[in-house]
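Let me begin by presenting the structure, written as C-alpha cells, before commenting on it.
FYI, the numbering just counts along the sequence from 1. Predicted, not measured: the structure shown is a model, and the values here were computed from it.
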Amino acid sequence: MSESTSAATTEAAPDRPELKRVMGPGLLLLFVVGDILGTGVYALTGKVAGEVGGAVWLPFLCAFVVAMLTATSYLELVTKYPKAGGAAVYTHKAFGIHFLTFLLTFAVMCSGLTSASSASKAFAANFFSAVKIDPDRGSLLMITALAFMALIALVNLRGVGESVKANVVLTLIELTGLLIVIGVGAWAIAGGDGDTSRLTEFHTPEGDNAFGAVTAATALAFFAMVGFEDSVNMAEETKDPVKIFPKIMLIGLSVTGVIYVLVAISAVTLVSPEDLNKGSTPLLKVIEAGAPNFPLQLFAWITMFAVANSALINMLMASRLLYGMSHEKVLPGPLGRVLHKRRTPWVAILFTTLLAFFLIGYADLTALGGTTALLLLCVFAVVNVAVLVLRRDPVEHKHFKAPTALPVLGVILCVYLASPLSGRASNDYKIAGWLMVVGIGLWALTWVLNKYVFHRKSDFDPTHLDPSGPVN
C-alpha cells in the first residue's frame, strides 16, 4: 500500500529527488505483514477446507513454502536494484521485450481486479452477518457486492492518499481478528471442545488421491500469501534497504505463515470442513462455535474492514496501472484522461470498475481467489527466471543472493501450481484468459492506431509505472 499509486506514471527524470527514507525495520515489518493478511484467509479458509478436508493447514503451509522461495528472488532483485521495484521492472531488465513486460504488467493489474472482486463478495457476506440479516437469495448478496464496488469507485474518483501510518492501523485491526480466532481455538482445544482428529483427514474426490487434493487446495490457498511482493516498491523509502529488506521480509512471511497455519488448525478443530465450506464467512462460524458469547457483530465488522481495505487498494492499483500504460502509449489514450479538479484517472477507474462488475456477476469467491493465485503464480515464475538471467548483470555494491537452487525450485513449483496438473479449476483459466484477451485486444488496437493513424512510437518504460501487486 504505497503512498499512492498515482505516482505510478510520474515521469522519471534523471535528476529526480530521492524519496524520504522513513521506514525502519518495525514499519517495514508491519507493511509486509499488512500486505499479506486480508481477504485470502478471512474468506477462503472454508473453500480450501472444501478442497482438502480437515488437513486444511497443510495447503497453507505449502503455499508459504512456495512464497518463501519466490521471496528470495525478490530479495535478490530489490537489494541489487534498490531504486527499482516490481515484477515488470525486473522482467524488462532481464528480457527487454516490451510485449512480455506489458503482458506481465497487465496480469498484475488483472490480479488486482480479481482480488478486489473477491473482497467485495466477502464484504457483502459479512455485512449481512454484522446487521443480522439472512439473505434468502444470492441476488441480494450480488447487489450488495456490486453496490460496494460502486462505492469503491466513487472513493477512487475522489482520490485517496495512503500512508504508512494508516497501514499500521489497518494491519493491527486485521491481525487482531486473526489472533482472536487463534485464541478462541486454543481455548476450546484446551477445554477439550475441539475435534483434533480432523487435522489428519483428507477429502479425496473419486479418482484422486491425497497429493492431488493438497496441490489443488494449495493452488487456491496461495491467494492468501500474495502481497509480500508489493513491499519491494518501498525500497526507496526504507532506511538501508540492502541490509534491512532480507531479514524483515523473511520474518514477515514467517509470521503470516505461522498465523495462517494456526488459524486453519483452530478453524477445522471447531467446525467441520463441510460446514466451513458453506457460505463466505468461515471464520465467523469458528468464533460462533468456539466462543458463542463473543460479540459476532464485532468480528464481522473487523472482517469487513479488512476486506474493504483490500478492495480499495487493489482498485487504486488497477486504475493507476491502466492510466500509466495509457501514457506509455501501449493502451488507448482515453484511459489516461483525468478529472480536472480531482486529478484522478476517471476513464481508467470506470473501465476497471466495469470489469470488476463483470467478475462479481460471473465468478464465485473460489474462482476469483483461484484466478488471483493463477495470475500471480505466472508472474512469480517469470520473476524467478529473471533473477537467474540478471546474474549476468553484476553491480558494485553487496546485495542479497539467493542460492541458485531456490529460484529454480520456485520456477518449477510456480509453474506446477499454475498448471492443470495441480488440479486447478478450469474456471480459473477461463477468467484469466478472457481478462488477458481484453488486454491484448487493447494493446493491438493501440499498436495499430500508433503505427498507422497517429504515427507515434511507444517507448514502454516500466520504471514509469508502479507495478504493485494485489493486496490481501
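For the pair Ser422 (side chain) and Ala418 (backbone), a donor-acceptor distance under 3.5 Å is absent. Between the Tyr90 side chain and the Tyr81 main chain, no donor and acceptor come within less than 3.5 Å of each other. Checking side-chain atoms of Thr79 against main-chain N and O of His399 turns up no donor-acceptor pair under 3.5 Å. Remark: side-chain polar atoms of Ser319 are not paired, donor with acceptor, to backbone N or O of Ile349 under 3.5 angstrom. Without hydrogens or angle criteria, Lys285 side chain to Lys278 main chain gives a donor-acceptor distance under 3.5 Å. Here the side chain of Glu51 pairs no donor or acceptor atom with the backbone of Ala216 at under 3.5 angstrom. Between the side chain of Ser115 and the backbone N or O of Ser111 there is no donor-acceptor pair closer than 3.5 Å.
Residues Met149 and Met315 are in side-chain contact: their nearest non-hydrogen atoms beyond the backbone lie under 4.5 Å apart. Between Tyr429 and Pro420 there is a side-chain heavy-atom pair separated by less than 4.5 Å. Pro282 has its side chain out of reach of Lys47: every pair of non-hydrogen atoms, C-beta onward, lies at least 4.5 Å apart. When side chains are defined from C-beta on, Thr176 does not count as touching Ile173, because their heavy atoms never get closer than 4.5 Å. Side-chain contact check for Val286 versus Thr45: every heavy-atom pair is 4.5 Å or farther apart. The side-chain heavy atoms of Phe222 and Cys62, taken from C-beta on, include no pair separated by under 4.5 Å. Contact annotation: the side chain of Leu283 never approaches that of Ile287 to less than 4.5 Å [non-hydrogen atoms, C-beta and beyond]. Residues Cys414 and Val66 have side chains in contact (heavy-atom distance under 4.5 Å, counting atoms from C-beta outward).
A distance of 11.0 Å separates CG of Leu199 from CG of Leu58, quoted to the nearest 0.5 Å. Interatomic distance, CD1 of Ile189 versus OG1 of Thr269, reported as 4.0 Å (0.5 Å rounding). To the nearest 0.5 Å, atom CG of residue Leu37 and atom CE of residue Met225 are 9.0 Å apart. Leu368 CG to Leu113 CG: the interatomic distance, rounded to the nearest 0.5 Å, is 10.5 Å. The OG1 atom of Thr39 lies 7.5 Å from the CG atom of Asn314; values are rounded to the nearest 0.5 Å. For the atom pair Glu76 CD and Thr72 OG1, the distance stands at 8.0 Å (nearest 0.5 Å).
Pairing each heavy atom of Arg424 with each of Ala373, the nearest pair is NH2-CB, 4.3 Å. Minimum interatomic distance between Lys121 and Met142 (heavy atoms only, all atoms of both residues): NZ-CE, 4.1 Å. Shortest non-hydrogen contact noted between Ala289 and Val271 is CB-CG2, 4.0 Å. Contact between Leu365 and Ser118 at its shortest, heavy atoms only, is CD1-O, 3.3 Å. Across all non-hydrogen atoms, the minimal contact from Tyr42 to Gly177 is OH-CA, 3.4 Å. The two atoms that bring Tyr260 and Ile36 nearest to each other are OH-O, 2.9 Å, heavy atoms only.
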Show, in sequence, the C-alpha distance, side-chain angles and deciding distance for Leu30 and Val33, and conclude whether the side-chain contact (heavy atoms from CB on, under 4.5 Å) test is met. CA-CA 5 Å; Leu30 284 169; Val33 172; 5.6 Å; no
Using the rule given for side-chain contact (heavy atoms from CB on, under 4.5 Å), can you reason through Leu75 versus Leu250, listing the C-alpha separation, both sets of side-chain angles and the distance that settles it, and then say yes or no? CA-CA 9 Å; Leu75 286 174; Leu250 296 179; 3.9 Å; yes
Passes side chain to side chain donor-acceptor pair (under 3.5 Å), Thr372 versus Thr114? Steps please. CA-CA 6 Å; Thr372 304; Thr114 52; 2.7 Å; yes
Working note: Val214 + Phe202, criterion side-chain contact (heavy atoms from CB on, under 4.5 Å); need CA distance, chi angles, decisive distance, verdict. CA-CA 8 Å; Val214 172; Phe202 290 91; 3.6 Å; yes
Please step through side-chain contact (heavy atoms from CB on, under 4.5 Å) for the pair Thr256 and Val32, ending with a clear verdict. CA-CA 9 Å; Thr256 53; Val32 173; over 6 Å; no
Step by step, work out the ring pair (Phe, Tyr, Trp, His ring centres under 6.0 Å) result for Phe228 and Phe380. CA-CA 12 Å; Phe228 68 89; Phe380 291 166; 5.5 Å; yes
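The environment of Phe400 atom CZ is dense: over 12 non-hydrogen atoms of other residues, nucleotides or ligands sit within 6.0 angstrom.
Side-chain contact annotation: Thr70 with Asn384, donor-acceptor N/O pair under 3.5 Å present.
Relative orientation of the Tyr416 and Phe211 rings is tilted, given thresholds of 30° and 60° on the angle between their planes.
Each of Val56, Val41, Asn277 was compared with Val48 under the side-chain contact (heavy atoms from CB on, under 4.5 Å) criterion, and only Val56 meets it.
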